[in-house]
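Letters A, B, ... mirror the listed sequences (proteins, then strands); counts begin at 1. It should be emphasised that the depicted structure is a prediction, and the values quoted were computed from it without experimental measurement. As a basis for the values below, the full set of heavy atoms in this structure was taken, side chains included, without hydrogen atoms, waters or symmetry mates.
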Amino acid sequence: MNVSQEILNWFHIFGRKNLPWQKNKTIYSVWISEIMLQQTQVKTVIPYFIKFLKKYPTINSISLSSENAVLHKWSGLGYYKRAKNIYKAAKIISSKYNGQFPDVFNHVIKLPGIGKTTAGAILSISYNYFFPILDSNVKRILIRLYGIKFNKYNKKIDNVLWKKIQSILPLHNAGKFNQALMDLGSLICYPKSPKCNICPINYACMFFQKNFFQKYSVRNKILQLKNYWCIIINYKQYIFLKKCKKYTFWKDLFCFPLFTKKNYLINWIKEEKIVPVKIKQLRSMTLYITRYKFIITPIFLIIKTNKDFKPEKDAIWFNLLNHQKVGIPSLVLKILDKYSHLISQTNYSV
DNA sequence: CAACCGTGGGG
DNA sequence: TCCCCAAGGTT
């Protein structure tokens, strides 16, 4: 028996077959799941996928919605460009493909947010079309299985791996095989300490048989960002949030106004003619986001009334109890949660 | 094409 | 505390 057949047999017994996107499967639901699963673990995606499909059961329901509303459903999941691309793609599908997700590879891959792997995954999983995928699971499996050596992972290695995976893709089971590879990667062939002893293809694997080892991750240095976060509470206990524009992080999501220097914050308050009843600087905190080290100093401003404070267009007064349908980064929600007692204790007469 | 984009969990 | 990693794509 060949390696591909062994993987399929293993999948038949041990593969995951009851994930939310594997039930009532349509090409639309497969698309959404594949986008959500980009660089994101299954466990994290599950609740987001369920909520998203409940809110958006069809492609047209997305294109009739707004980018803010789509980002709202994505809040906390990260890589928000994915949500923006889904919205863009839905518009294209509605106008160009009559609301039907295309089933031609060259059409699928032209949609924003869809590359070679995602296009292959969508079409193979939905219709069992003959397309391979090359995600991080498949890369890791192939490198170990065939003992592929390199100094630094590059485009050339990428091409070698695409050819390899194409060559072992079973003619009549591409969809199952692709899912099997991802399950094998996440259940057996871990990046660290893989469970080789129970791996169905260990007999052919260079990593297991010949003790081959190839490291291929790249390390990024940490960038430190110091910011003062301006948390403004109005007389209704609403929080002022502003759409991020010039910052690379959280573009088009809503966040507290933030400043690199305390003076900038003070000047901004004056320019906006904000008259705080109370100003309180809280203890700085350190948070890590990927390769960014955030050092945040929250500054609370309590204002008596928002009558004189007319924020620019892309800003909202955020109601903790009744969230507006906009995108909010996880960190902002965490900070709001952390200081919710302070906010609710904000008690004064107008 | 290397750098960029988030978040949560493991170690 | 800090690094590593996960169903990648875009610029």
Classify [X] by what it touches in the nucleic acid, base, sugar-phosphate, or nothing, heavy-atom distance under 4.0 Å.
X        : result
A:Arg140 : sugar-phosphate
A:Thr286 : nothing
A:Gly76  : sugar-phosphate
A:Ile222 : sugar-phosphate
A:Lys334 : sugar-phosphate
A:Trp74  : nothing

What's the gap between [N] and [M] when it is taken at their [atom1] atoms, as a whole Å value?
N     : M      : atom1 : answer
B:dC4 : C:dC3  : P     : 16 Å
B:dG6 : C:dT11 : P     : 14 Å
B:dC5 : C:dC5  : C1'   : 15 Å
B:dG8 : C:dG9  : P     : 23 Å
C:dG8 : B:dC1  : C1'   : 15 Å

[X] [atom1] to [N] [atom2], straight-line distance once rounded to whole Å:
X        : N      : atom1 : atom2 : answer
A:Tyr48  : B:dT7  : OH    : P     : 9 Å
A:Asn85  : B:dC4  : CG    : C1'   : 14 Å
A:Lys251 : C:dT10 : NZ    : C1'   : 14 Å
A:Lys152 : B:dA2  : NZ    : C1'   : 7 Å
A:Ile141 : C:dA6  : CD1   : P     : 11 Å
A:Lys84  : B:dC5  : NZ    : C1'   : 11 Å
A:Leu134 : C:dA7  : CG    : P     : 13 Å
A:Ile35  : B:dG6  : CD1   : P     : 15 Å

Distance-only donor-acceptor test, A:Thr40 side-chain atoms vs B:dG6 base atoms, 3.5 Å: yes
base_contact_polar (B:dG6 base, A:Thr290 side chain, donor-acceptor, <3.5 Å): yes
Hey, are [Y] and [X] close enough side-chain-wise for a donor-acceptor pair under 3.5 Å?
X        : Y        : value
A:Thr118 : A:Gln38  : yes
A:Thr117 : A:Asp135 : no
A:Tyr87  : A:Ser65  : no

Nucleotide of B:dC5, C:dA6, B:dT7 approaching A:Arg291 most closely (side-chain heavy atoms): B:dC5
Candidate nucleotides C:dA7, B:dG6, C:dT11, ranked by approach to the side chain of A:Lys81 - the nearest: C:dT11
Are any of [X]'s side-chain N or O atoms less than 4.0 Å away from OP1 or OP2 of [N]?
X        : N     : result
A:Trp250 : B:dT7 : yes
A:Thr118 : C:dG9 : yes
A:Ser136 : C:dC5 : no
A:Gln39  : C:dA6 : no
A:Tyr190 : C:dC4 : no
A:Arg82  : C:dG8 : no
A:Ser186 : C:dA6 : no

Which residue lies more 5' along DNA chain B, comparing A:Leu331 with A:Asn154 via nearest heavy atoms: A:Asn154
Closest-nucleotide ordering on DNA chain B, the 5'-leading residue of A:Ile289 and A:Leu223: A:Leu223
Validation row: A:Lys226, A:Thr260 side chains within 4.5 angstrom (heavy atoms): no
pair A:Tyr292-A:Phe249: side-chain heavy atoms closer than 4.5 Å: yes
Reference residue A:Ile32; test side-chain contact (heavy atoms from CB on, under 4.5 Å); the match among A:Ile122, A:Ile59, A:Ile86: A:Ile86
Residue whose nearest DNA chain C nucleotide is more 5′ - A:Gln41 or A:Ile109: A:Gln41
Main-chain N/O of A:Phe11 paired with A:Lys17 side-chain donor or acceptor, under 3.5 Å: yes
